[in-house]
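All heavy atoms count here, side chains included; hydrogens, waters and symmetry mates do not. Chain letters run A, B, ... following the sequence lines, proteins first, then strands; residues in each count from 1.
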Amino acid sequence: MSSEPGTTTRPFSELLTTAETRDPERFAVDERTPASVVRPASVAELSELVRSAHADDLSMIPWGGGTQMGLGNLPDRFDAGIDMTELNEVLRYDPDDMTMSVQTGCRLQDLNQMLGENRQVLPVDAVDPGQATIGGVTATGTSGPRRLGYGPLRDLIIGMSVMATDGTVTKAGGQVVKNVTGFDMMRMHHGAMGSLGLIISINFKVIPKPQSERTVIATFDSLDQADTAAKEIVQSQLGVTAVVVLNAAASAEISETDDGRWAISVRCEAPPSAVVRQAERVVEYIGDQAQDVVIEDSTERSEARWVAICAAMDQRPTSPDIAIRLGQAASKLGACAKSLSDALTSVENARLTLDYGSGLCYLRIPRGAAITGFDSGFLDSLSRHGDHCTVMTAPVEIKQHVDVFGGARAGFSMIEALKANFDPDRVLNPGRYIGRL
Amino acid sequence: MLVDRRAEHIEIFFINVVYIPLKCKSPVLGRPFLDVLRLEGRFFGIEEVVFIQYHIRFDVDPVRIDLLLSFRVRAFPDNRGVFKRFGRNRGDAAERLLASDVVDDLVARLHPGRFFSLPGLHSLNREVVFPCCGEILGGADDDPVVRFLCGHVYTSISCTNPGPDYDTRGLRVGLASGILSEASSDPASFLKACNGGTSVAPRQLRERLVEAVGLDGILDDPYDLLVYEYDASDEAVAGSHQPDFVVLPTTSQQVAEVVRIARDFNVPVTPRGAGTGLAGGAIAARGGIMVVLTRMTKILELNYLDRYAIVEPGLINLDLSTKTTPDGYFFAPDPSSQKACTIGGNVANNSGGPHCLKYGVTSNHILGLEVVLPNGELIWVGGASPETPGVDLTGVLVGSEGTLGIVTKAMVRLTRNPEDVNVLMAPFPTIDSASGAVSAIIAAGILPAALEMMDALTIQAVEAAFSAGYPLDAGAVLLIEIDGLAEAVAESTDEIVAICKQHDAVDVRVATSKAERDLLWLGRKAAFGAMGRLTPNYYLQDTVVPRTMLPKTLNRVGEIARDYKLQIANVFHAGDGNLHPLILFDRYKPGELERVLNAGTEMLHWCVDVGGAISGEHGIGLEKKDHLTMMYSPDDLAAMAGLKQSFDPLQYFNPDKIFPSGTGCGEIDSLKEHAKWEKIGIHVV
């Protein structure tokens, strides 16, 4: 691609300092280590690096906190890691407007700490909020169980700026909570794995931090009982913000006791006196068949429990598990879990997390587990239990055989066209996105 | 006889048709046609027409000049009673009869034997479309001199007893002689000029379309096309244009087939729902085929277990909630036009509404779409479970104003009815004190379902029209809705009442019954229509600012009103900073329209300067496309154009929309080049 008029593009190698290439192993993706890793401290610096890399036909993979880097197909090539974590400035925070604009490398936990000082919150679940960056969570498009109460992250994003492969930064949306000015480019980049542009900054709306919260926990002898309770609570007028059912193995990870039963967790967030009553009413819904009904009656303990539950969303390449996510409407989640459990009886420690508020089922299997023929055939058989199926993290030998996104689906021709328009030379995350784009 | 005179409200739309905006007074009456139309309303037993825009259209044929009036009556669900009392409540058929009755009656009343009505009656959805009358004043039989009526009214009308003696003098309207003679001297070229030079579509195209949608699914008679030149945008701002064909498909496959035909013949495609859009998005800017989806109104699936519905795009927004509310669910997006607008249109415009403060905009409620893409593919994107792998095509399509695809089915989120709802009406002495209360409510960590503000001017208009119970002496009124768990609603209500009182609210009223809540909301939702009480025209803006900038922005709006010597009423979604300043004017006062447009542009500049946006929920369409550069650089626009290019490389889906003039159709690359040169200080003309 031609360079900008009046400017020269220096070779990428000239832009590197020794410090920047010191630790490339840490930025390996699917066992592929980049020749260099850069950690730009400013957008201008990033722009020059990206432009040069593109001119030199070097492929780039952006990194945030790394908690989701197991997601994606095997890269076709990987020349330069772009560590975005130095771009971590809070550009603007207007508590009274309940909006925030931050650079891509800001950690979720830091943001929520800052927001908490004004009794506000960005209600987005992440597996390790201390590590996960807003840019990474946006690029991978993962939202957790609190989607039931507050919607997915994409619904909170109101603006974005993105860098194209020629180093140009473009923006879309704005700093207001309601905006139909121009195309919603934010939704194109959300979940696109940075394969259509590098996310530089994100504007989002925040919500008043719920004045108090409770979590109701209970166990059931059978999946059917847990399934019925979960569905009824989701359909009720109780307005709870998350409903999750765990199988015994998944539950054991959190409570450290494996009693062989299915466990439900329900998150209640409301004003102080209402939340007490809300939790009591959840208990009534859970009914007589439940055992060990507990209400986590402090906000801290409730929050901690949900951080633990969100571990099901861990997509780190270093994860000891193969993680798979199935999409299935809530009413069919029970049946989905039943057939998965049946199919996996021989697999030890297969953990299931059923997110009834979203319609997602997370399956985790130890990497060492002997699964004969974990190939596209096995994946196909799994994906039959859901509307769609994504391998969130898996060892290279498995990824070699499958498209972790389940391959091309309806509308893929549009995604191909987008890739051709936004990254025609395939230097951003080449091969890693759906259909190995 | 025509209308039950006890009925309190009937909403009537007169949709006009335009080739030439007639900016003249009636030569007979020596006063604007507006007044004439007010009289016309009496034929419906209507006391007054409160808001009118109208234009005149010529249709020329070698022998005769017919001057047409076309207007449209829409009866809303709660006005079904009107039909019932006619004893002909049989859906479309009844509406046809009603329409015939009205036409015949109107003709009879005007002047027996000297008026003619034109064929071409259509009943689409609940719209009754009937071309109407002109009066033959004289001239030879083969060269008559015709007088006519025309109108475009989008309004609420109070129906009371008109009395037996209405004044028909107003109907003797003569056409401005200058225009008539111009038209007479060379009718064909005159029509072509008026028509923007739209080419006559080839016969084969028509044949293919008839094959695809059947004879009763296609309109190409000039009389029939009249009502499709427009949407609810102001013609003076967004313009108008006639499509060559209107097709009314009934299935997704028909839509796909029509798109393929358009592609084969290289003609533009413009999708349209109810035409209530305020930015000109549903105008066939380059003619071609208009795909009107109002015959696809079915609810295909209601799934309460998974809280979604699958609906056809022509389904009226409110009809869905009306159907599901008794079962405990509703469709949350609630634009003010929800009695008329379609869900397909909501998707195209990413519509908002008062309740999106808590529930979010349309985009947050669309789970999946069946869509016909510009390449002719008919596909489903998204679905009942989230995170479908790959780019979120559903999210990209919502709000794209029909430029990327045509929605043929939508899977929409149904929201559980809240257990409890309270509506508070809090009058404040000033806008400032009301704004202070808004900030304090938000700061207290309460998220109401809706938080709406109306200023004194609006209150006057609304009270005159509806007697909703807003105090006339208030400087501003806040309408606050709180919903959710009963306990939480009670707790938050107390807190909000206390906050309002701290900010000098005079007398906070909590609506206890549904009837009372509905009345408070009626005033808000029909506020635009009520503005007709104040002036014949208004220009509605739709800007957004960060919420904290509201007080300053309202001051600025007041200054602009003074600077331009205009009245501006303010109705807005205070909770999310979305303003709707209504610039009141009379188009027929010389120079007024220009002042209005300039005042509007100045407001846009202010809002962008304080960190806002130029459209919060109405869209860009034709109206604001040239203002897009206020917010976005050429690079930003080029990126958006890349999205358009990916979906529609032929640029034939709803052309000329969203992108500033001169940046569409293959000019994207040059735009990008220009951006690069601009960066280094070289300005390309």
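- In this structure B/Tyr359 satisfies the ring pair (Phe, Tyr, Trp, His ring centres under 6.0 Å) test together with B/Phe330, sequence neighbours excluded.
- Of the two parts of B/Pro546, the backbone and the side chain both hold a non-hydrogen atom closer than 4.5 Å to a non-hydrogen atom of chain A.
- With a threshold of 4.5 angstrom between heavy atoms, B/Ile658 approaches chain A through side-chain atoms but not through N, CA, C or O.
- Between chain A and the options B/Lys625, B/His573, B/His618, B/Glu401, the largest number of non-hydrogen pairs under 4.5 Å is found for B/His573.
- At a 4.5 Å heavy-atom cutoff, the contact between B/Leu628 and chain A is made by side-chain atoms alone.
- Smallest separation of non-hydrogen atoms from A/Val176 and B/Gly611: CG1-O, 3.7 Å.
- A 6.0 Å sphere centred on NZ of B/Lys358 holds more than 12 heavy atoms belonging to other residues, nucleotides or ligands.
- Neither the backbone nor the side chain of B/Val489 comes within contact range of chain A; no heavy atom of the residue lies under 4.5 Å from a heavy atom of that chain.
- Judged purely by atom type and a 3.5 angstrom limit, A/Thr181 uses its side chain to pair as donor or acceptor with the backbone of B/Ser615.
- In this structure, the portions of B/Lys644 lying under 4.5 Å from any heavy atom of chain A include both its backbone and its side chain.
- Checking A/Arg409 against B/Thr388 by side-chain atom types alone, no donor-acceptor pair falls below 3.5 Å.
- When the candidates A/Lys231, A/Gln278, A/Glu416 are compared by the number of heavy-atom contacts under 4.5 Å with chain B, A/Gln278 comes out ahead.
- The choice from A/Pro271, A/Ala330, A/Gly151 that makes the most heavy-atom pairs within less than 4.5 Å of chain B is A/Pro271.
- Between the side chains of B/Thr548 and A/Asp97, at least one donor N or O lies within less than 3.5 Å of an accepting N or O.
- In terms of modelled atom types and a separation under 3.5 Å, the side chain of B/Arg416 and the main chain of A/Gly239 share no donor-acceptor contact.
- Side-chain N or O atoms of A/His388 include none that pairs as donor or acceptor with a backbone N or O of B/Gly382 at under 3.5 Å.
- When A/Gly173, A/Cys389, A/Ala410 are compared by the number of non-hydrogen pairs under 4.5 Å with chain B, A/Gly173 comes out ahead.
- Minimum interatomic distance between A/Leu238 and B/Leu485 (heavy atoms only, all atoms of both residues): O-CD1, 3.6 Å.
- Looking only at side-chain heavy atoms (C-beta outward), A/Met414 and B/Val391 stay at 4.5 Å or farther from each other.
- The choice from B/Met640, B/Lys624, B/His627, B/Glu377 that makes the most heavy-atom pairs within less than 4.5 Å of chain A is B/Met640.
- Of the two parts of B/Asp420, neither the backbone nor the side chain holds a non-hydrogen atom closer than 4.5 Å to a non-hydrogen atom of chain A.
- Of the two parts of B/Tyr304, only the backbone, made up of N, CA, C and O, holds a non-hydrogen atom closer than 4.5 Å to a non-hydrogen atom of chain A.
- Here A/Arg154 is the residue among A/Gln175, A/Arg119, A/Arg154 with the most heavy-atom pairs under 4.5 Å with chain B.
- Contacts with chain B were tallied for A/Arg92, A/Arg187, A/Lys178; A/Lys178 has the most, counting heavy-atom pairs under 4.5 Å.
- Within the 4.5 angstrom heavy-atom criterion, only side-chain atoms of B/Val361, from C-beta onward, approach chain A.
- Between B/Asp576 and A/Val177, the shortest heavy-atom distance links the atoms CB-CG2, 3.1 Å.
- For chain B, the option among A/Gly407, A/Gly182, A/Pro95, A/Ala192 with the highest count of heavy-atom pairs below 4.5 Å is A/Gly182.
- Between B/Glu491 and A/Arg277 there is no salt bridge, since no side-chain nitrogen of the basic residue lies less than 4.0 Å from a carboxylate oxygen of the acidic one.
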